[in-house]
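Residue numbers start from 1 in every chain, and the chains themselves are labelled A, B, ... in the order their sequence lines are given, proteins ahead of strands.
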Amino acid sequence: LKKQHKITDFYSEE
Amino acid sequence: MFEARLTQGALLKRLLDSVKELVTDANFDCSETGISLQAMDNSHVALVSLSLRAEGFNPYRCDRGFSLGVNLNSLNKIMKCAGNEDVITLKADDSSADSLCLLFENSSNERVSEYELKLMDIDQEHLSIPETDYDATVMMPSAEFQRICRDLMVVSESVTIDVSKDEIKFTAEGELGTGNVKLKPTSTIDKPEESITIELGQTVSLQFSLKYLSNFTRGTPLSDQVMLCLSDNMPLLVEYKMDIGYIRYYLAPKVGD
């Protein structure tokens with residue numbers, strides 16, 4: 001099974 | 001003083017309906033250019049970004065930028081009190097905005113209702129989303145995408161999306177077996193809303209949660225077409241474009257074994 005990533009793994013805070 | 005009057009009130013009802021399952025509390029950032037919202041779901045797996053341009057309202061007045069902290073469940077309850085034909089006006093005192101006033105006027109203007117929604121202090125992180133040159137950009141009928149998500153959910157809660165030059169393929173594998181849907185680009189120039197186009201930089205294959213994708217398809221009533229943007233190891237972008245602006249959903253992929 002593949003692991004669900006998070007948006008915050010790709011986009012950082014402004 | 002902040003005032004934004006939208007003659008197509010139904011649009012605002014649908015917009016809020018398309019984010020209510022994903023986000024509970026959010027800041028509506030109001031400026032002279034328009035209204036925008038960015039928020040993640042509780043699990044931080046998905047992000048919604050909404051933008052409505054000032055030109056879409058008449059009148060639109062926003063003397064200085066400010067944020068309206070809103071509980072979307074409460075706002076949705078109030079929006080249920082607006083008729084689909086109503087003109088909707090949002091008003092707030094931008095200096096001490098502790099409540100948002102919503103005015104619903106019916107077309108013959110003999111019925112006017114006014115609601116006040118208490119605002120909240122929401123300190124939400126704001127993510128910077130870089131303009132991305134995606135490996136693949138697919139345009140298709142929004143109803144088609146909604147149906148694919150709904151159909152493949154009977155097979156699995158994950159879907160693999162493969163895009164090549166002349167095909168986008170959705171594959172689901174689960175306990176009961178497997179299912180896949182393949183779409184080829186169309187050249188129907190007579191019915192643009194039915195067209196399917198694929199712009200490909202390089203082939204891409206990514207896996208996503210169908211639960212979230214199905215949730216995104218609540219945006220289907222907003223636009224005849226939906227745009228899917230994919231890049232290897234990047235969140236999927238699902239965009240519904242309207243005259244007044246857009247709603248964009250981002251979904252982090254499932255990666256690795």
Novice: Can you tell me which portion of Met40(B) sits under 4.5 Å from chain A's heavy atoms? Options are side chain, backbone, both or neither.
Specialist: side chain
Novice: Less than 4.5 Å apart, any side-chain heavy atom of Ile7(A) and any of Tyr250(B)?
Specialist: yes
Novice: Should Val255(B) and Lys3(A) be marked as a side chain to side chain contact (heavy atoms under 4.5 Å, CB included) after you check the CA-CA gap, both sets of side-chain angles, and the distance that decides it?
Specialist: CA-CA 5 Å; Val255(B) 185; Lys3(A) 173 179 174 293; over 6 Å; no
Novice: Can you tell which part of Gln207(B) gets under 4.5 Å to a heavy atom of chain A, answering side chain, backbone, both or neither?
Specialist: side chain
Novice: Please answer whether the main-chain N or O of Ile129(B) pairs with a side-chain N or O of Glu14(A) as donor and acceptor at a distance below 3.5 Å.
Specialist: no
Novice: Less than 4.5 Å apart, side chain to side chain, heavy atoms only: is that true for Ser128(B) and Glu13(A)?
Specialist: no
Novice: Tell me if the CG atom of Asp166(B) is crowded by more than 12 foreign heavy atoms within 6.0 Å.
Specialist: yes
Novice: I need the Gln4(A) CD to Tyr212(B) OH distance, nearest 0.5 Å.
Specialist: 7.0 Å
Novice: Determine whether a donor-acceptor pair (N or O, by modelled atom type, separation under 3.5 Å) exists between the side chain of Lys6(A) and the backbone of Ser43(B).
Specialist: yes
Novice: Do other residues, nucleotides or ligands put more than 12 heavy atoms under 6.0 Å from Glu167(B) CD?
Specialist: yes
Novice: Go through the atoms of Phe10(A) and report whether side chain, backbone, both or neither lie under 4.5 Å from a heavy atom of chain B.
Specialist: side chain
Novice: Decide if atom CZ of Arg64(B) counts as having more than 12 heavy atoms of other residues, nucleotides or ligands within a radius under 6.0 Å.
Specialist: yes
